[in-house]
Undergrad: 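Here it is, the structure, as structure tokens.
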Protein chains: 2
Amino acid sequence: MVRPGGRSARVQAAVHAAVRELEAEVGREALTVPLVATRAGVTPSTIYRRWGDLQELLSDVAVERLRPETAPQDKGSLRSDLEAWAEQFLEEMSAPTGRAYLRDALLGDPDGSNAGQCSAYAAEQIDVILDRAAGREETTPDVETVLDRLVAPMMYRILFRPEGLGTAYARQLVAGLVGTIDR
Amino acid sequence: MVRPGGRSARVQAAVHAAVRELEAEVGREALTVPLVATRAGVTPSTIYRRWGDLQELLSDVAVERLRPETAPQDKGSLRSDLEAWAEQFLEEMSAPTGRAYLRDALLGDPDGSNAGQCSAYAAEQIDVILDRAAGREETTPDVETVLDRLVAPMMYRILFRPEGLGTAYARQLVAGLVGTIDR
DNA sequence: AGCTTAAAGCAAATATGTTGCTTCAAGCGC
DNA sequence: GCGCTTGAAGCAACATATTTGCTTTAAGCT
């Protein structure tokens with residue numbers, strides 16, 4: 001049982017904070033468990049016992065950073081909302097730091113729950129956009145369709161073929177999606 | 001420079017073979033560089049110097065295993081060729097071993113070249129299918145479209161939401177794709 | 001055949017990961 | 001509030017893995 005209020009929670013916070021600080025100071029490549037432990041004022045065995053290894057720890061921290069901080073902007077129509085969201089998503093995720101977090105989140109994740117969380121964040125954001133569109137009496141696709149047609153292609157290219165990704169690609173996907181809603 | 005014909009090549013082959021054997025014998029979790037080195041009859045430092053770490057070595061081996069072994073089946077039409085290929089792809093890649101190779105390939109891949117190779121394999125297979133369809137005078141989408149509409153959604157779900165993936169999903173994607181070719 | 005050089009071997013030094021046992025303090029019953 | 005109970009943290013000794021400087025091997029050239 002993780003005791004939320006006490007020492008465990010403080011250790012957790014200290015370790016996460018140490019990871020972020022050291023990532024910024026020495027770079028992700030140079031991170032090691034003993035280094036993080038020292039910075040967090042904790043013994044290495046604590047980290048090994050709680051997280052297993054560096055990858056799982058980095059995965060936890062990465063997922064936190066991938067959580068969207070704000071609701072998607074309201075641009076007045078489904079199409080423009082999706083475009084704005086997709087452009088921002090693509091820009092953040094295809095940048096070197098975004099890709100690094102994404103990889104970390106996927107990698108150190110034996111049971112897939114962190115990956116699932118990433119997808120859930122995207123689904124939530126899309127849900128907000130679709131609800132808003134439905135409120136405007138627009139015809140909307142369902143969330144799964146948007147995942148397939150918009151999120152999945154962006155992710156695929158970020159992970160497998162990162163060259164030459166830009167906002168034009170995001171717009172093209174949105175165009176293809178909203179152009180085929182009613183069938 | 002990698003000298004292709006001589007000792008380096010033998011070492012490379014021995015190490016790759018050792019990884020495969022040990023993966024089968026003791027499981028992926030139990031692999032370590034010293035273990036692989038011993039089996040391959042090589043010193044650990046050779047592996048560290050050539051591959052950097054275990055992840056990069058596993059990434060190399062994983063990409064080899066993800067290379068398609070046969071050309072896609074010819075089922076007589078674009079739609080059925082795509083369905084057959086997508087079903088097989090999804091089955092292989094969403095199985096635990098397939099997911100493990102995929103993760104390994106992505107993981108130990110600092111410069112993205114192994115991930116790019118995976119995508120290139122898929123693109124080659126699709127190219128064969130599309131060429132064949134063009135030879136039958138069928139209207140065909142281009143490769144990029146098939147990557148976006150078929151490969152990307154499958155990969156996204158394999159990596160981020162592996163639950164409940166089946167051949168029905170592959171068929172649904174193909175249906176959506178071939179239903180919208182001519183616009 | 002002899003030279004040049006990238007890569008492999010070896011071994012010592014260092015760093016990382018593991019484990020059993022001890023100590024600490026949060027949460028709970030009184 | 002006081003003192004149990006228990007899960008988590010600390011410590012330290014140990015086992016493994018990783019790095020590194022130097023030596024040796026053998027592929028590819030002329």
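Here the structure is a predicted model, which means the values were calculated and not measured. Residue numbering restarts at 1 for every chain, and letters A, B, ... go by the order of the sequence lines.
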Undergrad: What residues form a side-chain contact (heavy atoms from CB on, under 4.5 Å) with Asp127(B), not counting sequence neighbours?
TA: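 Testing Asp127(B) for side-chain contact (heavy atoms from CB on, under 4.5 Å), a comparison that skips the adjacent residues, returns Val143(B).
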
Undergrad: If I take atom CD1 in residue Ile47(B) and atom P in nucleotide dC10(C), what distance separates them, rounded to the nearest angstrom?
TA: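 To the nearest whole Å, that distance equals 14 Å.
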
Undergrad: Report the residues that fulfil ring-ring contact (aromatic ring centres under 6.0 Å, His included) with Phe160(B), sequence neighbours left out, ordered by chain and then residue number.
TA: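 Result, ring-ring contact (aromatic ring centres under 6.0 Å, His included) vs Phe160(B): Tyr156(B).
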
Undergrad: Partners of Glu124(B) by salt bridge (Lys or Arg N to Asp or Glu O under 4.0 Å), sequence neighbours excluded?
TA: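 With sequence neighbours excluded, Glu124(B) shows a salt bridge (Lys or Arg N to Asp or Glu O under 4.0 Å) to no residue whatsoever.
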
Undergrad: Only counting residues at least two apart or in another chain, list the ones meeting side-chain contact (heavy atoms from CB on, under 4.5 Å) with Arg132(A).
TA: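 Partners of Arg132(A) under the side-chain contact (heavy atoms from CB on, under 4.5 Å) test: Pro72(A), Asp74(A), Asp81(A), Val128(A), Ile129(A), Arg136(A).
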
Undergrad: What is the separation between atom CH2 on Trp51(A) and atom C1' on dA9(D), rounded to the nearest whole Å?
TA: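 Computing the Trp51(A):CH2 to dA9(D):C1' distance gives 12 Å.
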
Undergrad: dA27(D), OP1 or OP2 - any side-chain N/O from Arg10(B) closer than 4.0 Å?
TA: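 Answer yes for this pair, as a side-chain N or O of Arg10(B) is under 4.0 Å from OP1 or OP2.
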
Undergrad: I'd like a table of atom pairs between the protein and nucleotides 20-23 of chain D - only N or O on both sides, under 3.5 Å - with the distance next to each one.
TA:
residue: dG21(D); atom: O6; partner: Arg49(B); partner atom: NH2; Å: 2.4

Undergrad: Decide yes or no on side chain to side chain donor-acceptor pair (under 3.5 Å) for Asp142(B) and Thr145(B), but give the supporting numbers first.
TA: CA-CA 5 Å; Asp142(B) 62 19; Thr145(B) 304; 2.7 Å; yes

Undergrad: For the pair made of CG in Asp53(B) and P in dT19(D), what is the distance, rounded to whole Å?
TA: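 Roughly 8 Å, once rounded to whole Å.
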
Undergrad: Ala62(B): which residues meet the side-chain contact (heavy atoms from CB on, under 4.5 Å) condition with it, sequence neighbours left out?
TA: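 Expected list: Tyr101(B), Asp104(B), Ala105(B).
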
Undergrad: Return the residues of residues 22-44 of chain B meeting this criterion: a heavy atom under 4.0 Å from some atom of DNA chain C. Order them by number, or give none.
TA: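 Under 4.0 Å from DNA chain C: Gly41(B), Val42(B), Thr43(B).
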
Undergrad: Considering only distance and modelled atom types, tabulate donor-acceptor pairs under 3.5 Å from the side chains of residues 83-93 of chain B, sequence neighbours left out.
TA:
residue: Glu87(B); atom: OE2; partner: Arg171(B); partner atom: NH1; Å: 3.1
residue: Gln88(B); atom: NE2; partner: Glu92(B); partner atom: OE2; Å: 2.7

Undergrad: Ring pair (Phe, Tyr, Trp, His ring centres under 6.0 Å): which pairs involve residues 117-141 of chain B, sequence neighbours left out?
TA: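 Every pair satisfying ring pair (Phe, Tyr, Trp, His ring centres under 6.0 Å) with a residue in residues 117-141 of chain B: there are none.
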
Undergrad: Can you sort out the partners of Arg20(A) under side-chain contact (heavy atoms from CB on, under 4.5 Å), two or more places apart, ordered by chain and number?
TA: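 Partners of Arg20(A) by the side-chain contact (heavy atoms from CB on, under 4.5 Å) criterion, ordered by chain and then number, come out as Val61(A), Glu64(A), Arg65(A).
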
Undergrad: Kindly write out the residues that satisfy side chain to side chain donor-acceptor pair (under 3.5 Å) with Thr38(A), not counting sequence neighbours, or none if the list is empty.
TA: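 Thr38(A): no side chain to side chain donor-acceptor pair (under 3.5 Å) contacts found.
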
Undergrad: Report the end-to-end axis angle of the helix from dA1(C)-dT30(D) to dC30(C)-dG1(D); each axis comes from five terminal pairs, and the value is rounded to 10°.
TA: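 Nearest ten degrees gives 40° for this helix.
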
